Undergrad: 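One structure coming up, written as structure tokens, with questions to follow.
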Amino acid sequence: MSRPRRELRKKYVVFCEGDTEYNYINAMRLRQGVELALKPVNMQGGGYAGFLECIKKEAGNNCLAKFIIIDFDRARKHPGELPKLKELIAYCKLQNNQKKIPHFLILDNPDFEYVACLHIEAYHGQDVRKYIEQTLGLGDMEKFKAKGDVYDFLNTKGNSFVCMLSRLKKKIVVNHYQINKSGFEIKISDTEVFWEHENENGSNINEFFEVIDW
């Protein structure tokens with residue numbers, strides 16, 4: 001009697017901070033039929049160090065890859081946070097070097113709200129807060145962050161994540177990875193960090209879209 005065939009699934013775990021990221025990714029998984037387990041992390045409860053502890057506690061997740069989506073603005077505003085961010089990067093590198101579940105560190109600089117604005121073709125680097133509150137007419141940044149339909153808002157009426165992806169420029173973090181589709185396997189061979197780009201707005205969130213869409 002033959003053994004039952006094992007069903008392979010494309011499942012990912014996403015650690016994210018902030019309501020905007022959570023609402024966006026939560027709607028995204030429903031629209032695109034992607035199996036994403038969302039793990040929201042309260043950054044006010046310990047910063048990057050607290051974020052790292054949450055990831056360590058969830059070390060045993062059964063998935064193809066983990067995405068750690070964080071903002072760089074905390075390191076910009078609080079110099080003491082930069083060493084903690086470096087510890088988080090080092091932990092992800094260690095997991096990848098040991099051939100464990102791939103850890104994709106996605107660093108939005110300065111934040112996800114900037115990445116959100118890039119969805120809109122008419123946005124060309126204006127002040128993010130003023131653009132969201134005044135030009136988009138939302139009146140208040142906190143209202144935007146709590147917007148449950150933010151994914152639809154940013155992907156309709158000519159707005160699109162395709163536009164956003166085409167406009168990403170300077171990146172602090174770049175993960176070099178390979179995907180074995182037939183074997184359902186993802187490997188990160190190296191993670192480069194370009195600290196010289198810390199004052200340049202950008203993100204490597206393209207890696208998130210690329211990997212979950214193969």
Side-chain angles (χ1 to χ4, degrees), residues 13-26 38-59 66-97 102-119 123 125-134 136 138-147 150 154 164 167-175 188 190-208:
V13 174
V14 181
F15 295 89
C16 62
E17 58 166 305
D19 292 336
T20 317
E21 294 94 316
Y22 180 88
N23 290 332
Y24 186 98
I25 298 170
N26 186 47
L38 276 171
K39 306 286 183 178
V41 180
N42 180 9
M43 288 289 281
Q44 303 305 319
Y48 296 122
F51 210 101
L52 176 57
E53 286 306 309
C54 288
I55 296 170
K56 288 181 176 179
K57 289 178 182 178
E58 299 280 349
K66 296 183 180 182
F67 294 91
I68 298 92
I69 303 177
I70 56 177
D71 295 339
F72 186 64
D73 63 346
R74 191 177 186 90
R76 279 184 169 186
K77 296 174 182 176
H78 308 285
E81 283 290 301
L82 185 57
K84 302 301 181 182
L85 173 59
K86 291 181 177 180
E87 287 181 23
L88 178 54
I89 294 173
Y91 176 80
C92 292
K93 282 187 172 185
L94 179 63
Q95 303 310 298
N96 297 329
N97 290 339
H103 283 53
F104 285 84
L105 183 72
I106 306 298
L107 193 59
D108 297 328
N109 186 17
D111 51 34
F112 187 79
E113 284 65 43
Y114 167 73
V115 172
C117 286
L118 292 179
H119 286 66
Y123 177 76
Q126 299 94 314
D127 179 88
V128 170
R129 177 177 286 273
K130 288 183 179 179
Y131 192 80
I132 289 174
E133 293 182 345
Q134 299 175 16
L136 297 184
L138 293 176
D140 183 80
M141 177 65 88
E142 296 309 311
K143 181 180 177 181
F144 176 74
K145 290 182 177 181
K147 194 172 178 58
V150 66
L154 294 173
M164 177 271 291
R167 303 166 78 185
L168 297 176
K169 299 187 182 298
K170 302 292 185 178
K171 303 169 184 180
I172 296 178
V173 174
V174 174
N175 296 292
I188 297 178
D190 187 31
T191 297
E192 290 189 276
V193 183
F194 301 93
W195 293 115
E196 63 270 26
H197 294 164
E198 62 180 304
N199 294 317
E200 303 280 348
N201 290 351
S203 172
N204 63 317
I205 200 168
N206 58 292
E207 297 171 8
F208 174 63

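Model, not experiment: these values are computed from the prediction.
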Undergrad: Indicate every side-chain donor-acceptor pair of residues 87-96 with a distance under 3.5 Å to a residue at least two apart or in another chain.
TA:
residue: K93; atom: NZ; partner: T191; partner atom: O; Å: 3.4
residue: N96; atom: OD1; partner: H103; partner atom: N; Å: 2.8
residue: N96; atom: ND2; partner: C92; partner atom: O; Å: 3.0
residue: N96; atom: ND2; partner: H103; partner atom: O; Å: 3.2

Undergrad: Kindly say whether D73 contributes a backbone atom to a donor-acceptor pair with the side chain of D71 at under 3.5 angstrom?
TA: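 Pair absent, no side-chain N/O of D71 close to backbone of D73.
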Undergrad: Could you go through N199 and K170, starting from their C-alpha distance and side-chain angles, then the distance that decides it, and tell me whether this counts as side chain to side chain donor-acceptor pair (under 3.5 Å)?
TA: CA-CA 9 Å; N199 294 317; K170 302 292 185 178; over 6 Å; no
Undergrad: Can you tell me which residue among K147, E113, K145 is in a side-chain hydrogen bond (donor to acceptor under 3.5 Å, both in side chains) with T20?
TA: E113
Undergrad: Do the non-hydrogen side-chain atoms of R74 and D111 ever get within less than 4.5 Å of each other?
TA: no
Undergrad: Tabulate below the donor-acceptor pairs under 3.5 Å that side-chain atoms of residues 125-133 make, not counting sequence neighbours, or state none.
TA:
residue: Q126; atom: OE1; partner: H124; partner atom: N; Å: 2.6
residue: D127; atom: OD2; partner: R129; partner atom: N; Å: 3.2
residue: D127; atom: OD2; partner: K130; partner atom: N; Å: 2.9
residue: R129; atom: NH1; partner: E133; partner atom: OE2; Å: 2.9
residue: E133; atom: OE2; partner: M141; partner atom: N; Å: 2.9

Undergrad: Examine distances only and state if a side-chain atom of N204 and a backbone atom of L107 form a donor-acceptor pair shorter than 3.5 Å.
TA: yes
Undergrad: Checking E81 side chain against Y48 main chain: does a donor-acceptor pair fall under 3.5 Å?
TA: yes
Undergrad: Heavy atoms, side chains only, cut-off 4.5 Å: are I69 and V14 in contact?
TA: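 Result yes, sub-4.5 Å side-chain heavy-atom pair found.
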Undergrad: Check whether any side-chain heavy atom of P110 lies under 4.5 Å from a side-chain heavy atom of R76, and answer yes or no.
TA: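 Yes; the side chains approach each other to less than 4.5 Å.
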Undergrad: Looking only at atom types and distance, does a side-chain atom of N175 sit under 3.5 Å from a main-chain N or O of L105, one as donor and one as acceptor?
TA: yes
Undergrad: Quick check for you: to the nearest 0.5 Å, what is the distance between E21 atom CD and L38 atom CG?
TA: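 Those atoms lie 11.0 Å apart.
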Undergrad: Is it true that a side-chain atom of H119 and a backbone atom of A116 form a donor plus acceptor pair closer than 3.5 Å?
TA: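 Here the side-chain-to-backbone pair exists.
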Undergrad: E58 versus K39: any side-chain heavy-atom pair under 4.5 Å?
TA: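 Counting from C-beta outward, E58 and K39 do come under 4.5 Å.
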Undergrad: Would the distance check show the side chain of Y24 and the main-chain N or O of F112 forming a donor-acceptor pair, the cut-off being under 3.5 Å?
TA: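 Here the side-chain-to-backbone pair does not exist.
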Undergrad: Looking at N42, I70, L85, which one forms a side chain to side chain contact (heavy atoms under 4.5 Å, CB included) with F51?
TA: I70
